[in-house]
There are 2 protein chains.
Amino acid sequence: MGRGKIVIRRIDNSTSRQVTFSKRRNGIFKKARELAILCDAEVGLVIFSSTGRLYEYASTSIKSVIDRYGRAKEEEHVADPNTELKVRH
Amino acid sequence: MGRGKIVIRRIDNSTSRQVTFSKRRNGIFKKARELAILCDAEVGLVIFSSTGRLYEYASTSIKSVIDRYGRAKEEEHVADPNTELKVRH
DNA sequence: ATATCTATTTATAACTG
DNA sequence: TCAGTTATAAATAGATA
């Protein structure tokens, strides 16, 4: 999606990496928001930049997403104990 | 990005909503993966469909992202106690 | 419901002030 | 660096099978 095609591998130049990070971070947050609205989904997105800075988006709240995630995982394990074993090993 | 332009609001028809969900979910997971690789970022993405089904992506693991998120939030509060007050009220 | 196709919109890589 | 532009690649809405 640009003047040149790129291959998906770590951008070595830190300035270019920072510029790409900033552009694509905006892009993915927009996509997350659109998905949540269009499809009535609950979406949580957490990003740590290579410099360690935190960026977050949630259609509800990150706390809500994390809590629901924990509950969903518990249910998975109850529903299929074998999955639990696989995950643990 | 399609034959017609759309407005970002809930898709009422549940079949269309499901189709769009499936396409855009794939798209955003791809974007998340590309961002992580290109920009050397840690990315965690959790999506619950309108039917309650869980989909997840993490460049490391969701657990790692949640743990790091918790630590980052703690640090924010230490750095700026006023933010903590605002968040809590 | 599921998959593939393609016209079109959208995202963005490289460029520019 | 840093915001804006533009040519092009990529995503996807609607169509079709």
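Chain identifiers are assigned alphabetically (A, B, ...) following the order of the sequence lines, protein sequences preceding nucleic acid strands; residue numbering begins at 1 within each chain.
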query = Salt bridge or not for B/K63 and B/D67, using N-O below 4.0 Å?
reply = yes
query = So do A/S59 and A/R33 actually touch side chain to side chain, heavy atoms under 4.5 Å?
reply = no
Within one Ile-Leu-Val-Met-Phe-Trp-Tyr cluster: A/Y57 and B/V43, side-chain cutoff 4.5 Å = yes
query = Across the strands shown, which category fits A/S16 at heavy-atom distances under 4.0 angstrom: base, sugar-phosphate, nothing?
reply = nothing
task = Would you check if B/S50 and B/F21 make a side-chain contact, meaning some heavy-atom pair closer than 4.5 Å?
result = no
Distance, rounded to the nearest Å, where A/I6 contributes CD1 and C/dC15 contributes P = 14 Å
task = Heavy atoms of chain A, cut-off under 4.0 Å: which first and last nucleotide of DNA chain D, 5' to 3', fall inside that, if you could look?
result = D/dT6 to D/dT12
ask   = Is A/E74 paired with A/R71 through a side-chain N to carboxylate O contact shorter than 4.0 Å?
value = no
request  = Give the angle between the helix axes at the two ends of the helix from C/dT2-D/dA17 to C/dG17-D/dC2, taking five base pairs at each end and rounding to 10°.
outcome  = 20°
ask   = Starting at the 5' end of DNA chain D and moving along, which residue's nearest nucleotide shows up first, B/K23 or B/K30?
value = B/K30
query = When clusters are formed by joining ILVMFWY residues with side-chain heavy atoms under 4.5 Å apart, either directly or through shared neighbours, do B/V65 and A/F29 land in the same one?
reply = no
ask   = Distance check: side-chain N/O of A/T20 vs OP1/OP2 of C/dT12, anything under 4.0 Å?
value = no
task = Starting from C1' on C/dA3, measure out to CD on B/Q18 and report it in whole angstrom.
result = 14 Å
request  = Report the distance from atom CD1 of A/I11 to atom C1' of C/dA14, rounded to the nearest whole Å.
outcome  = 12 Å
query = Looking at A/F48, is B/R68 sitting on its ring face, NZ or CZ under 6.0 Å from the six-membered ring centre and within 45 degrees of the normal?
reply = yes
query = Considering heavy-atom distances to DNA chain D, does A/L38 or A/M1 have its closest nucleotide positioned more toward the 5' end?
reply = A/M1
ask   = Between C/dA11 atom P and B/I28 atom CD1, what is the distance in whole Å?
value = 11 Å
Atom-pair distance (CZ on A/F21; C1' on C/dT12), nearest Å = 16 Å
query = Would you call B/E56 and A/K73 a salt bridge, using N to O less than 4.0 angstrom?
reply = yes
ask   = What do you reckon, is CZ of B/R53 surrounded by more than 12 foreign heavy atoms closer than 6.0 Å?
value = no
ask   = CZ of A/R25 versus P of C/dA13: gap in Å, rounded?
value = 14 Å
A/R33 CZ to C/dA11 P, straight-line distance once rounded to whole Å = 11 Å
